[in-house]
Amino acid sequence: MKKLILLLTLFIPSLFFAQVSVPSSKDINIVIQKTIDLHALKKFYSESEIAGETPIIIIHDDKIPNNLIVFKFNKRVKIMTPQEMETFKSVYKGSLDSYFVFEVMEFKDDQAIIKATFRKTDKIAIQVNMKKQDNEWLVTEYSAG
């Protein structure tokens, strides 16, 4: 019994500290919004994307929270799984090349590293480093192209 109590005493605090390093949905939301709003991506958006005629999409996977809400060009960005995107292709008559895939989203302490691509054809590689300072995420380094 004493061994069980000792194990629980050691195990429960370690669970608490392990959860502290997990980013909140809000942090993920902000980091993704800042990534799609990078100034370096401005030249890659087409006129139809800017006008809101072509939807901007984020491919949903285990890194993307279900409650993600981000906007681009005053339109809500669509969050779709690859399967949903295939179904959407059969209904949507325009181009569905305007999507982001977030391959790496690492949070460590108050730092975030993002590696993503934009577009299916002529992929644009994106890398962003951010730092959380005074409860605000700041872009410290980025590249796109």
Side-chain angles (χ1 to χ4, degrees), residues 6-145:
L6 178 64
L7 284 174
L8 288 175
T9 315
L10 295 173
F11 185 69
I12 291 174
S14 68
L15 281 177
F16 174 74
F17 288 114
Q19 292 175 354
V20 172
S21 64
V22 175
S24 69
S25 292
K26 181 181 176 184
D27 285 333
I28 294 171
N29 211 79
I30 292 168
V31 165
I32 289 175
Q33 183 71 61
K34 287 186 175 282
T35 300
I36 67 175
D37 286 344
L38 284 175
H39 183 71
L41 287 175
K42 189 176 181 178
K43 64 184 174 187
F44 296 110
Y45 290 114
S46 69
E47 288 182 29
S48 68
E49 292 164 344
I50 294 169
E53 298 163 359
T54 300
I56 305 292
I57 300 166
I58 293 175
I59 300 299
H60 185 270
D61 63 13
D62 61 337
K63 293 179 287 305
I64 307 297
N66 290 329
N67 60 348
L68 180 74
I69 299 174
V70 291
F71 293 86
K72 190 66 189 164
F73 307 118
N74 297 318
K75 299 273 186 183
R76 187 169 173 180
V77 174
K78 296 185 181 314
I79 312 299
M80 296 183 180
T81 64
Q83 297 81 12
E84 290 170 331
M85 193 139 156
E86 286 301 315
T87 303
F88 190 59
K89 278 183 188 178
S90 65
V91 177
Y92 184 73
K93 302 301 177 201
S95 170
L96 286 181
D97 192 41
S98 308
Y99 64 84
F100 287 89
V101 176
F102 286 84
E103 290 121 4
V104 174
M105 197 176 311
E106 290 179 13
F107 290 84
K108 186 175 179 185
D109 301 322
D110 286 341
Q111 307 277 333
I113 298 171
I114 308 298
K115 292 182 183 177
T117 56
F118 179 57
R119 301 216 183 281
K120 180 178 180 181
T121 55
D122 300 324
K123 285 185 181 180
I124 299 155
I126 303 163
Q127 181 156 345
V128 185
N129 295 340
M130 295 186 203
K131 180 179 175 118
K132 193 171 189 180
Q133 188 173 342
D134 297 327
N135 237 6
E136 184 178 339
W137 284 101
L138 305 171
V139 176
T140 56
E141 289 182 62
Y142 65 89
S143 64

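Throughout, residue positions are numbered sequentially from 1 according to the sequence presented.
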So, does Lys78 use its side chain to make a donor-acceptor pair with the main chain of Pro55 at under 3.5 Å? no

Check whether more than 12 heavy atoms from other residues, nucleotides or ligands sit under 6.0 Å from atom NZ of Lys115, and answer yes or no. no

Would you mind listing every salt bridge (Lys or Arg N to Asp or Glu O under 4.0 Å) that reaches into residues 91-104, with sequence neighbours excluded? none

Beyond-backbone contact of Ser98 with Phe118, side-chain heavy atoms, under 4.5 angstrom: yes

Side-chain atoms of residues 138-145: list all donor-acceptor pairs with protein atoms under 3.5 Å, sequence neighbours left out, distances to 0.1 Å.
residue	atom	partner	partner atom	Å
Thr140	OG1	Asn129	O	3.0

Atom pair CG/CZ of Leu68 and Arg76 - distance to nearest 0.5 Å: 8.0 Å

Would you say Asn67 has more than 12 foreign heavy atoms packed within less than 6.0 Å of its CG? yes

List, one per line, each side-chain donor-acceptor pair under 3.5 Å for residues 24-38, sequence neighbours excluded.
residue	atom	partner	partner atom	Å
Ser24	OG	Lys26	N	3.4
Ser24	OG	Asp27	N	3.0
Ser24	OG	Asp27	OD2	3.3
Asp27	OD1	Lys132	NZ	3.1
Asp27	OD1	Trp137	NE1	3.0
Asp27	OD2	Lys132	NZ	3.3
Asn29	OD1	Ile69	N	2.9
Asn29	ND2	Ile69	O	2.8
Gln33	OE1	Phe71	N	2.9
Gln33	NE2	Asp37	OD1	3.4
Gln33	NE2	Asp37	OD2	2.9
Gln33	NE2	Phe71	O	2.7
Lys34	NZ	Trp137	O	3.3
Thr35	OG1	Val31	O	2.8
Asp37	OD1	Lys72	NZ	3.0

Quick check on side chain to side chain contact (heavy atoms under 4.5 Å, CB included): which of Ile113, Ile64, Val128 does Met105 satisfy it with? Ile64

Please test Lys89 against Glu86 for side chain to side chain contact (heavy atoms under 4.5 Å, CB included), starting from the C-alpha separation and ending with a verdict. CA-CA 5 Å; Lys89 278 183 188 178; Glu86 286 301 315; 3.2 Å; yes

pair Asp61-Phe102: side-chain heavy atoms closer than 4.5 Å: no

How long is the span from the CD1 atom in Ile59 to the OG1 atom in Thr81, to the nearest 0.5 Å? 8.0 Å

Would a 4.5 Å heavy-atom cut-off, applied to side chains only, mark Ile56 and Tyr45 as touching? yes

Could you check whether any side-chain N or O of Gln111 sits under 3.5 Å from a backbone N or O of Lys108, counting only pairs where one atom can act as donor and the other as acceptor? no

